[in-house]
Number of protein chains: 2
Amino acid sequence: MKLADVNTEERILEAAKKVFMKYGLYGARMQDIADTAGINKALLHYYFRNKEKLFDHVFDGALSKYFQQMEVFSDKSLPLIERINRYIDQMIDFLTEYPQMSIFIIKEISTNPELFHDKVHKIKNHKSTSLIAVLKESIELKEIPDIDPVIFLMNLHSLCAYPFVASPIFKVIIEKSKTTWSDPNNEKHKQSVKEFVAFKLSN
Amino acid sequence: MKLADVNTEERILEAAKKVFMKYGLYGARMQDIADTAGINKALLHYYFRNKEKLFDHVFDGALSKYFQQMEVFSDKSLPLIERINRYIDQMIDFLTEYPQMSIFIIKEISTNPELFHDKVHKIKNHKSTSLIAVLKESIELKEIPDIDPVIFLMNLHSLCAYPFVASPIFKVIIEKSKTTWSDPNNEKHKQSVKEFVAFKLSN
DNA sequence: GTCTATACTCGGATAGAC
DNA sequence: GTCTATCCGAGTATAGAC
């Protein structure tokens, strides 16, 4: 989407997303956002009273998109493994499009945990069932081995998201070993996560 | 270590570590650091000319400690799997002691990638061999299956570090499913990573 | 709605006494 | 070495013209 094509409010939001994602709440400069949007500072305040409010818009959007990814888990028409595999595909595609999403959210939450709880409570009023619950059920029905659902969920998220989060570090580590590093090769990456899941959930 | 027990410079460094780790370079306030150290702002400038310099001390320390964890990979007296398992134990213990270490480093690197390269180049003059090289060798000798070393390394790091990085998010996700979440249970966590390694590296 | 010019505030940095 | 008081710039926010 070209910034110049759309109306001012959207342009601001796009610009703010870019700048806040890179520098965070404190590091971002209103001037920078204005420049990116091709307008001047005063107009930012006209549309969004102040920096915090503008930030909130961006952050809320990011957070709800992120949680949205987990809705697949609720789709009872699919077998468990299939749901998880779709989650993997979807999450990795999502993070490819917004590679700074995780780090942005984590960064802001960890500097400001209080704020976070309220926000999540609004979002999580979703109809989505959590993977943990689904796993527990499958374990009781002996459909999958008796694994620890929390650890499994943690591992799953780790494998999907961390490569994006840590890509700045990886670039250097990899460089050291003279291997070239392009951003995570999605297909290989997805495959390796799916293998892990298959390994853990097969009897 | 009680802050009051040691000399001023160390007290400042301890305090700065705490505050910078939580809020990052931009978010941290010199006043906050001074208060935490039990001194006043002027003294901070007396010891460390300015905020950037103080930050650099903290960041450099963090970075070198982090990379230090990877030195096990070079220990040729141990079989490969053993080296990796020790890395897992060590890294998870390390992150338990400094849970905000990864997120701190990643956060600062991602907002300021330029600065990072120089710093790492100083540190990486270490004698340590990279895991990638070691893996490649073992693959050629047919000691382990023909896996992709980069993906493997990425998965390994992900499984170790991400639970600490993302613990603020996990707390909420888990809460939703009414399971209680204490910070990652280390022994279980280690075990699950080791199982993954065993799975990947066994013929 | 959009701009320019300006006011206000916060927080990093310094001067200077002790 | 440590303090109090003060300065000054950067960056957010507002007034007011168009």
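The sequence lines fix the lettering, A, B, ..., with proteins before strands; numbering per chain opens at 1.
In this structure, CG of B:Leu44 is placed 13 Å from P of C:dT14, rounded to the nearest angstrom. Residue B:Leu43 contributes atom CG, which lies 5 Å from atom P of D:dT2 at whole-angstrom precision. Straight-line distance from the CE atom of B:Met30 to the P atom of D:dT6: 21 Å, rounded to whole Å. Between A:Lys53 atom NZ and D:dT14 atom C1' there is a gap of 15 Å when expressed in whole angstrom units. If you take OH of B:Tyr26 and C1' of C:dC10, they are 17 Å apart, rounded to a whole angstrom. Atom pair B:Ile12:CD1 and D:dC3:C1' shows a separation of 13 Å (rounding to whole Å applied). B:Phe48 places its CZ atom 13 Å from the P atom of C:dA13, with the value rounded to the nearest Å. Between the P atom of D:dG9 and the NZ atom of B:Lys51 lies a distance of 18 Å, rounded to the nearest Å.
Separation of the A:His157 and B:Phe170 ring centroids falls under the 6.0 Å cut-off. Residues B:Phe48 and B:His57 bring their aromatic ring centres within 6.0 Å. Taking the six-membered ring for Trp and the full ring otherwise, the centers of A:Phe59 and A:Phe104 sit less than 6.0 Å from each other.
Residue A:Asn50 places none of its side-chain N or O atoms closer than 4.0 Å to OP1 or OP2 of D:dT12. Here A:Arg29 does not reach the OP1 or OP2 of D:dA10: none of its side-chain N or O atoms lies under 4.0 Å away. Considering only side-chain N and O atoms, B:His45 lies under 4.0 angstrom from the phosphate OP1 or OP2 of C:dA13.
When atom types are taken as modelled, the side chain of A:Lys119 and the backbone of A:Leu63 share no donor-acceptor pair closer than 3.5 angstrom. Under the 3.5 Å distance criterion, the side-chain polar atoms of B:Arg83 are left unmatched by any main-chain donor or acceptor of B:Val72.
For B:Thr8, whose side chain is taken as the heavy atoms from C-beta onward, the closest listed nucleotide among D:dT14, D:dT12, D:dT2 is D:dT2. When the nucleotides D:dA13, C:dG12, C:dG1 are ranked by their closest atom to the side chain of A:Tyr47, C:dG1 comes out on top. Comparing C:dA13, D:dA13, C:dT14 by their closest approach to the side chain of B:Arg49 singles out C:dT14. Between D:dT12, C:dC3, C:dG1, one nucleotide has an atom nearer to the side chain of A:Ala42 than all others, and that is C:dC3. Comparing D:dC3, D:dT12, D:dT2 against the side chain of B:Asn40 picks out D:dC3 as the nearest.
Nearest-nucleotide mapping onto DNA chain C: of A:Lys41 and A:Tyr46, the residue sitting toward the 5' end is A:Tyr46.
If you check every strand for non-hydrogen atoms under 4.0 Å, B:Ala28 touches sugar and phosphate atoms only.
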